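This is a predicted model, so every value here is computed, not measured.
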2 protein chains.
Amino acid sequence: MFSKATEYALRATIYLAQKSSEAHKLGIEEIATAIDSPRSFTAKILQSLTKDNRVVSSVRGPHGGFYMSEKAKKLPVRSILLAMGEDQILEKCVMGLKLCSEIEPCPMHAQYKVIKKQLINLFTSKTIQQLAAEIQEGVVFIKNK
Amino acid sequence: MFSKATEYALRATIYLAQKSSEAHKLGIEEIATAIDSPRSFTAKILQSLTKDNRVVSSVRGPHGGFYMSEKAKKLPVRSILLAMGEDQILEKCVMGLKLCSEIEPCPMHAQYKVIKKQLINLFTSKTIQQLAAEIQEGVVFIKNK
DNA sequence: ATAATTAAAGACAAAGTTATCTTTAATTCC
DNA sequence: GGAATTAAAGATAACTTTGTCTTTAATTAT
Ligand code: FES
Ligand code: FES
């Protein structure tokens, strides 16, 4: 569904929301290990998330690292997709028509639109923080054993 | 969600199911124009669909072309995904965990699993022919105007 | 047989994705 | 100020995806 980059972005931000704060920043080594992702590639991704879209913050130097502000933690998960430039996946036609709409629907549209609505709702209604909270409870995981 | 190749495969097979038969084969030119896809690339894709998985048939020479048998038209849409090697998209974890399961669920699993079930059901229960029938009725489209 | 038609097969190329590694810059600690 | 630490920036490379073009092979019509 999503690119590797976006999968890592989702896992990394949820991990950051759970473990980091302005007072406690995390190094790329810890993050990549925690979410089982390639270190340098993950660094690039987090770097890009600190840019235009303000979802992740960072500072260099000793005791520096990546973290999320309390405000950023309350963003919907969809803001990660937006920042990664993959938000259109939720909106696009499942058969690849240029436009997904009721005006010129593809043969799968009628059935797909209700699924699409739920997908959009899932990514819009849940905040990064809400998903992170469940890891704390130990009921869900951010990597396989 | 799917690759361009799979999108073209879905559109092409639905078009073939609607317009072709063993007695009336379609040339690659007509197919690519009808579904608004790159001609040579689409040829490659159809070629691959005539291989291992028997979803599309073809014959060379005058009055040759691509077609689908009545049996193939009754295959579930999912068989296209299978033939294109993208079936795992329906099964995989939305956050990229190696395994999507109740045993080690990711933070989105609980909400996503119900959507996933509907997605799988959509591709499993609808046949290629059923989707093609709606184009005939003029209520849905296989390309944009 | 020969020519025409059509898909199959293969070589190739441009672009995008997924990574890695090195150098630079910012920050802190001493 | 100098050394250590950490992310930023940049170069590079392997691989995949998307696409084109040319040659070959099969089939049909004359
Ligand atoms: S038009 Fe294809 S899913 Fe909406
Ligand atoms: S484990 Fe992530 S969607 Fe099921």
**Report entry** Check: A:Lys92 side chain, A:Cys100 main-chain N or O, donor-acceptor pair, under 3.5 Å
**Finding:**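 No; zero donor-acceptor contacts below 3.5 Å.
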**Report entry** Interatomic spacing from OG in A:Ser69 to CG in A:Leu75 - rounded to 0.5 Å
**Finding:**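 Atom-to-atom, A:Ser69:OG and A:Leu75:CG are 7.5 Å apart.
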Rounded to whole angstrom units, what separation is found between the [atom1] atom of [X] and the [atom2] atom of [N]?
X       : N      : atom1 : atom2 : answer
A:Ile89 : C:dG16 : CD1   : P     : 16 Å
B:Gln47 : D:dC21 : CD    : C1'   : 14 Å
B:Lys4  : C:dT17 : NZ    : P     : 12 Å
B:Phe66 : C:dT6  : CZ    : C1'   : 9 Å
B:Met68 : C:dA7  : CE    : C1'   : 18 Å
B:Ile28 : C:dT5  : CD1   : P     : 18 Å
B:His63 : D:dA29 : NE2   : C1'   : 9 Å
A:Arg39 : C:dC21 : CZ    : P     : 10 Å

Requested in this report: Find which nucleotide of DNA chain C each of A:Val59 and A:Ser3 is nearest to by heavy atoms, and output the residue with the more 5' nucleotide.
Outcome: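 Nearest-nucleotide comparison on DNA chain C picks A:Ser3.
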Query raised in the report: How do A:Glu86 and B:Ala43 order along DNA chain C: which one's closest nucleotide is nearer the 5' end?
Result: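 Going by which nucleotide is closer to the 5' end, it is B:Ala43.
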Contact class for [X] vs. all strands (heavy atom < 4.0 Å): base, sugar-phosphate, or nothing?
X       : value
B:Tyr67 : nothing
A:Ala5  : sugar-phosphate
B:Leu26 : sugar-phosphate

Query raised in the report: Are A:Ser58 and D:dA8 close enough that a side-chain N or O sits under 4.0 Å from OP1 or OP2?
Result: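 Answer is yes, contact under 4.0 Å.
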Query raised in the report: Using a cut-off of less than 4.0 Å, is there contact between a side-chain N or O of A:Tyr8 and OP1 or OP2 of C:dT18?
Result: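 So the side chain of A:Tyr8 is outside the cut-off, no N or O lying under 4.0 Å from OP1 or OP2 of C:dT18.
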Requested in this report: Indicate, yes or no, whether a donor-acceptor pair under 3.5 Å links the base of C:dA8 to the side chain of B:Lys44.
Outcome: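 By the distance-only test, no, there is no pair.
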Query raised in the report: Are B:Leu49 and B:Phe66 side-chain neighbours, meaning at least one heavy-atom pair lies under 4.5 Å?
Result: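 Counting from C-beta outward, B:Leu49 and B:Phe66 never come under 4.5 Å.
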**Report entry** Residue B:Ser40, side-chain heavy atoms: nucleotide from D:dG19, D:dT20, D:dT6 that is nearest
**Finding:**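 Looking only at heavy atoms from C-beta outward on B:Ser40, the closest nucleotide is D:dT20.
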**Report entry** Nucleotide nearest B:Pro38 when distance is taken to its side chain, options C:dA7, D:dT20, D:dT6
**Finding:**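 Closest nucleotide to the B:Pro38 side chain: D:dT20.
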Query raised in the report: Are a donor atom and an acceptor atom from the side chains of B:His109 and B:Glu104 found within less than 3.5 Å of each other?
Result: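 Note: B:His109 and B:Glu104 side chains miss the donor-acceptor criterion.
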**Report entry** Partner of A:Thr13 by side chain to side chain contact (heavy atoms under 4.5 Å, CB included), out of A:Gln18, A:Met68, A:Lys73
**Finding:**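 Exactly one pass, corresponding to A:Met68.
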